[in-house]
Amino acid sequence: MSTQVAGRDPGGATGVVMHVRCPDRLPDESYRKILEELSGLSPVVQALPPTAALVDLRGALRFHGVGAHRLGEVLRVRTISRLGVDVRVGIGPTIAIAATASGQVCLPGGVLTISAEQVTDWLAPLPVRSLHGIGPRQAAALEDYGIHSVGLLAAVPTATVQRLLGGKAGRLAADRARGIDPRPVVPRLLPDSAVVRRVFDRHILDGATVRAALLDMVVRLGIRLRQRDQVARALTLTLKFAGGTSWERTRRLPEPSAHDDDLRQLAYQLMDAAGLQRGRLIGLALKGEDLVDADRVAEQISLDSAREARLIAETAIDRVRAKFGPGVIGPAAVYRRVS
């Protein structure tokens, strides 16, 4: 059992966050049991499905009367002895530091604790791609400009990083390289899947009508996910036919997303896979599966200017919907006249 401590236990720091990484492809039931073990340490647990979680330890330290590193060790003993599952635990003053620390723990498990005083020195030599929130494309872009370590990234002016990675992504990367991450741990259990449905008044044979209904469902699902600050890793399409039969298929998105463009492409692929010809449809259901928090997904750099323009337009459209109602604006095909 591997255990590491950098500096003293951060029990006196402003924040004390634990980030827990479970083994890949962990069964859902085992993941839920690990969340229960975390709830036994602290009431403030944020599930990060499918295999991670955050815990705010500030109140727990006072309640248990031990340091944060000790609680990490207790967690490992419990998950191994009760569930047969080892975990990698990172502890630090912020979410970004704790998540970066857990990523540095070698398999199969261990505890790495970083105190607030040690953050700068500990981060500096790490490869830039090891910093929590930096995706592979972002890391490649930084490395192309000679920024190979987190210390170098912290030394670069924020404005320069923003020019390399984009406005929001650059600001977040620069802040986290300096140990800045004001996000709180938000108590959240495993998120429910998000489902939108459409029931037709009569049997539908017209493919264009079905495609327009599916597009409307994609828009509604995207709005719901963005309002909840979540993204979907997969979509499930269910078709209901006259006579009581049904067809259902699930596919995973190339990257987790809540953008209409990404959801639409996969939804259309699912519809095409159904191979409809003269099926009499009476209803559709589109479900976003394996939901995760949007801030857990790295915003990848895109060289597709048309896509970037659509994403900017999507943000503006969401503001219009928030002010005037969800049905005030949308794709033209959704509003097609059905005779």
Side-chain angles (χ1 to χ4, degrees), residues 6-7 10 12-21 44 46 48 52-58 68 89-105 112-186 188 226 229-231 255-258 292-302 308 311-312 315:
T14 302
V16 187
V17 178
M18 174 188 289
H19 185 273
V20 180
R21 295 178 190 262
V44 186
Q46 181 176 342
L48 303 175
L54 288 167
V55 187
D56 189 330
L57 293 178
R58 286 175 296 181
V89 181
I91 299 172
T94 68
I95 291 176
I97 298 302
T100 302
S102 66
Q104 296 301 301
V105 176
L112 175 57
T113 302
I114 308 300
S115 71
E117 295 84 354
Q118 296 293 320
V119 165
T120 301
D121 291 339
W122 179 75
L123 283 176
L126 291 181
V128 71
R129 61 182 61 243
S130 297
L131 182 64
H132 176 70
I134 297 291
R137 295 182 185 177
Q138 293 173 327
L142 293 170
E143 290 166 354
D144 285 344
Y145 283 86
I147 304 173
H148 295 277
S149 69
V150 178
L152 289 174
L153 177 58
V156 175
T158 300
T160 301
V161 182
Q162 288 179 306
R163 285 195 293 271
L164 295 177
L165 302 183
K168 180 181 178 180
R171 176 176 54 78
L172 289 176
D175 283 349
R176 290 174 185 176
R178 300 177 181 118
I180 301 171
D181 184 6
R183 293 175 297 166
V185 177
V186 180
R188 182 176 298 164
R226 294 192 295 275
D229 292 325
Q230 291 183 313
V231 295
E255 295 180 355
S257 178
V292 296
D293 293 342
D295 58 13
R296 285 193 61 215
V297 179
E299 187 175 341
Q300 301 294 348
I301 299 172
S302 172
E308 293 301 316
L311 295 185
I312 293 173
T315 301

Worksheet item: If every non-hydrogen atom of A258 is compared with every non-hydrogen atom of Q230, which pair is closest and at what distance?
Response: CB-O, 3.4 Å
Practice prompt. Indicate yes or no: at least one non-hydrogen side-chain atom of V105 is less than 4.5 angstrom from one of V89.
Written response: no
Worksheet entry | side-chain contact (heavy atoms from CB on, under 4.5 Å) partners for I147, two or more places apart | L142, L152, L153, V156, L164
Discussion item. On a heavy-atom basis, which atom in L123 and which in G179 lie closest, and how many Å separate them?
Written reply: CD1-N, 4.1 Å
Practice prompt. Ignoring hydrogens and angles, tell me if any N or O in the side chain of D56 forms a donor-acceptor pair with the backbone of V185 under 3.5 Å.
Written response: no
Fill in: Inter-residue atom distance I180.CD1 - L172.CG, 0.5 Å rounding
11.0 Å
Discussion item. So which atom in G92 and which in A98 form the shortest heavy-atom distance, rounded to 0.1 Å?
Written reply: N-CB, 3.8 Å
Fill in: Nearest heavy-atom neighbours spanning I134 and A173
CD1-CB, 3.6 Å
Discussion item. In the structure I gave you, are the side-chain heavy atoms of V17 and I97 within less than 4.5 Å of one another anywhere?
Written reply: no
Discussion item. Under the side-chain hydrogen bond (donor to acceptor under 3.5 Å, both in side chains) definition, can you give me all pairs with a residue in residues 145-154, not counting sequence neighbours?
Written reply: none
Worksheet item: Could you give the distance from CG (L165) to CD (Q138), rounded to the nearest 0.5 Å?
Response: 5.5 Å
Worksheet item: Distance from Q104 atom CD to L126 atom CG, nearest 0.5 Å?
Response: 5.0 Å
Practice prompt. Report the distance from atom CG of L54 to atom CG of L48, rounding to the nearest 0.5 Å.
Written response: 4.5 Å
Worksheet item: Nearest heavy-atom pair of V161 and G170: which atoms, and what distance?
Response: CG1-O, 3.4 Å
Worksheet entry | Check: Q46 side chain, V186 main-chain N or O, donor-acceptor pair, under 3.5 Å | yes
Worksheet, complete the sentence: Taken to the nearest 0.5 Å, the spacing of R226 CZ from D229 CG works out to 11.0 Å
Worksheet, complete the sentence: Between A99 and R21 the two heavy atoms that sit nearest each other are O-NH2, 2.8 Å
Practice prompt. Report yes if some heavy atom in the side chain of R178 is under 4.5 Å from a heavy atom in the side chain of T158; otherwise report no.
Written response: yes
Discussion item. Going by salt bridge (Lys or Arg N to Asp or Glu O under 4.0 Å), name the pairs with one or both residues in residues 141-155, residues two or more places apart or in two chains.
Written reply: R129-E143
Item to complete: First locate atom CD1 of I95, then atom OG1 of T100, and finally report the distance between them rounded to the nearest 0.5 Å.
Response: 11.5 Å
